[in-house]
Amino acid sequence: MEKLRILFLGTPDFALFSLRALSEAGYEIVGVVTQPDKPKGRGYELLPPPVKVFALEKGLSVYQPNTLRDEAFAELLSGIDPNLIVVVAYGKILPENVLDYPKFGCINVHGSLLPEYRGAAPMQRAIIDGKKMTGITTMKMEAGLDTGEMYEKAALAIGENDNFEVVHDALGELGAKLLLSTIQKLEAGQLKGTPQDDSKATYAKKIEKEDCRLDFSGSATKLHNLIRGLSPMPLAVTTLPDGKLLKVVESRVSDLTLSGAPGTILSTDGGKITVACGCGAIDLLTLIPEGKKKMSAKDLINGRRVSVGDRLGDSCG
RNA sequence: CGCGGGGUAGAGCAGUCUGGUAGCUCGUCGGGCUCAUAACCCGGAGGUCAUGUGGUUCAAAUCCCAUCCCCGCAA
């Protein structure tokens, strides 16, 4: 079979696992397409996406088009002339002329067991929903959102205290492995697609700001799932009694049996801030107060910012 | 020049407005109590208050100026 000429499309750290694997496996990467540098952080500093940084280190050709839907990109594509496109968390929808271009099609690495959690934030949503299992699916890309035929799957167990970072990294690695496996099957002419059962499809919507608010009237387990699903980015948020924001990095479902109005701090013993929820209570372990660095609950208590009886989340509006 | 908070003992903070003895909660060290303890009691050590040996003042953590660093928001 003819040698693969791979064009890689991807942007964040999650994509990096796969790009690195392709690179280390010795595949010919004829180009890397990633999102343009964007003004980020304080002072709007222009920062390159992680994939770009890696690609430049490896001496790969990097392209950062604003859109894939114009003449310029079509010309670029035929200039590069890839016979396989690999897409991992690129961040833009691919138009049909791009999907149709490579002889061996477009392979996507998706962070869920399709058809569940199609869409932008599959890993976060799976954790937030309290799933015990998730995984990676490699699939053939088509026009619909994550609707194409599935090639291979690999499952991953989610521990009750695993956060987004843990799952993200584990799935990133798993995704890279599965991608190599899928490409090997392709090279061997053994790649077979399985259609998705659309009736079982669910969607993982992008995480919005409102999704990050902690509502203490919910159950402790639900709150814990939200906190770890959003940790370390963008983080679940509530408010201190003085109205300042308080982000929660790490939590545990509490075994404390005290109860009180949702949001009330029941205890600050043992370096944990135990907060009453609608059902049960939750221990807040690591936090970031507005304008401050990440700190342990113990530090927050020692600094006298919170004490038993205080209410969190009252100014959530 | 996007908006804002902050840099005081190993940690988290107060003190700054209204200049005048360096304080709190922890940690740490020593002693005590206890069958025992992460609990309790007593005592100690530890700080050029980010930097400029800058300006004002009899006197600056505090007021003024400049610089460096950290962080939250927003994108």
Side-chain angles (χ1 to χ4, degrees), chain A residues 10-15 34-53 64-67 89-93 119-121 124 161 163-165 168 205-216 223 226-258 263-275 281-317:
Chain A
T11 303
D13 288 314
F14 186 73
T34 191
Q35 297 280 345
D37 295 3
K38 280 183 186 158
K40 282 191 169 185
R42 256 161 260 122
Y44 291 105
E45 196 183 347
L46 215 55
L47 290 179
V51 159
K52 178 184 180 182
V53 177
Q64 299 178 280
N66 285 312
T67 176
Y90 171 57
K92 280 193 172 98
I93 307 276
Q124 295 94 318
N161 292 320
N163 66 11
F164 173 49
E165 182 174 40
H168 169 278
K205 275 185 313 191
K206 200 175 131 188
I207 305 290
E208 303 288 350
K209 215 174 119 187
E210 310 84 75
D211 299 325
C212 302
R213 277 243 119 93
L214 287 171
D215 175 7
F216 289 104
L223 287 161
L226 182 67
I227 288 165
R228 61 201 180 95
L230 299 178
S231 180
M233 272 289 284
L235 292 177
V237 68
T238 184
T239 47
L240 290 163
D242 65 2
K244 294 265 175 73
L245 289 177
L246 180 66
K247 295 183 159 189
V248 184
V249 178
E250 196 186 0
S251 64
R252 290 287 184 275
V253 172
S254 175
D255 48 17
L256 207 68
T257 51
L258 287 172
T264 305
I265 294 176
L266 300 172
S267 158
T268 54
D269 292 343
K272 304 176 291 191
I273 299 174
T274 306
V275 183
I282 188 164
D283 292 333
L284 307 182
L285 304 182
T286 310
L287 311 126
I288 303 178
E290 184 175 338
K292 291 295 181 181
K293 294 184 203 202
K294 181 165 80 176
M295 66 178 71
S296 64
K298 198 169 150 191
D299 284 342
L300 199 74
I301 296 160
N302 280 339
R304 298 299 180 82
R305 282 166 171 269
V306 295
S307 46
V308 174
D310 285 349
R311 299 270 313 257
L312 298 180
D314 272 354
S315 7
C316 275

Suppose you measure atom [atom1] in [N] against the same atom in [M]; what distance do you get, rounded to whole Å?
N	M	atom1	value
rG46(B)	rG23(B)	P	13 Å
rA59(B)	rG20(B)	C1'	7 Å
rG32(B)	rA38(B)	P	14 Å
rU8(B)	rA50(B)	P	6 Å
rA61(B)	rC49(B)	C1'	5 Å
rU16(B)	rU67(B)	P	27 Å
rA22(B)	rC33(B)	C1'	32 Å
rA11(B)	rC71(B)	P	16 Å

Tell me the interatomic distance from [X], atom [atom1], to [N], atom [atom2], rounded to whole angstroms.
X	N	atom1	atom2	result
Lys209(A)	rG72(B)	NZ	P	15 Å
Asp299(A)	rG12(B)	CG	P	6 Å
Leu46(A)	rG2(B)	CG	P	13 Å
Arg304(A)	rA14(B)	CZ	C1'	10 Å
Arg42(A)	rC70(B)	CZ	C1'	8 Å
Leu245(A)	rG6(B)	CG	C1'	16 Å
Glu210(A)	rA74(B)	CD	P	11 Å
Asp269(A)	rU25(B)	CG	P	17 Å

Next item on the list: Indicate, yes or no, whether a donor-acceptor pair under 3.5 Å links the base of rG12(B) to the side chain of Arg305(A).
Entry: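 Under the 3.5 Å cut-off, the side chain and the base do not form any donor-acceptor pair.
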
Which nucleotide, if any, forms a Watson-Crick or G-U wobble pair with [N], using both distances under 3.5 Å?
N	value
rC40(B)	rG32(B)
rC3(B)	rG72(B)
rG27(B)	none
rC49(B)	none
rC17(B)	none

Notebook entry, point to check: How would you label the contact of Lys298(A) with the nucleic acid (heavy atoms, under 4.0 Å): base, sugar-phosphate, or nothing?
Noted result: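 The residue Lys298(A) makes sugar-phosphate contact but no base contact.
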
Check: Just wondering, are more than 12 heavy atoms of other shown residues or ligands nearer than 6.0 Å to NZ in Lys294(A)?
Finding: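 Counting neighbours around NZ of Lys294(A), 12 or fewer heavy atoms of other residues, nucleotides or ligands fall under 6.0 Å, so no.
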
Check: Short question: side chain of Ser254(A), backbone of Asp283(A) - any donor-acceptor pair under 3.5 Å?
Finding: no

Next item on the list: Indicate yes or no for a side-chain donor-acceptor contact from Glu45(A) to the backbone of Lys40(A) under 3.5 Å, with no hydrogens or angles considered.
Entry: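 Checking the backbone N and O of Lys40(A) against the side chain of Glu45(A), no donor-acceptor pair under 3.5 Å is found.
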
Item checked: Nearest-nucleotide comparison on RNA chain B, the residue closer to the 5′ end among Ile288(A) and Ile301(A) -> Ile301(A)

Margin query: Using heavy-atom distances to pick each residue's nearest nucleotide on RNA chain B, tell me which of Tyr44(A) and Glu290(A) is more 5'.
Written below: Tyr44(A)

Check: How far does CG of Leu245(A) sit from NZ of Lys292(A), to the nearest 0.5 angstrom?
Finding: 14.5 Å

Item checked: Lys52(A) and Asp37(A) ion-paired at < 4.0 Å -> yes

Check: Given rC13(B), is OP1 or OP2 found less than 4.0 Å from the side-chain N or O atoms of Lys292(A)?
Finding: yes

Next item on the list: Considering non-hydrogen atoms only, spot the tightest contact between Ala297(A) and Lys272(A) and give its length.
Entry: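 Smallest interatomic distance, heavy atoms only, reads CB-CA, 4.2 Å.
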
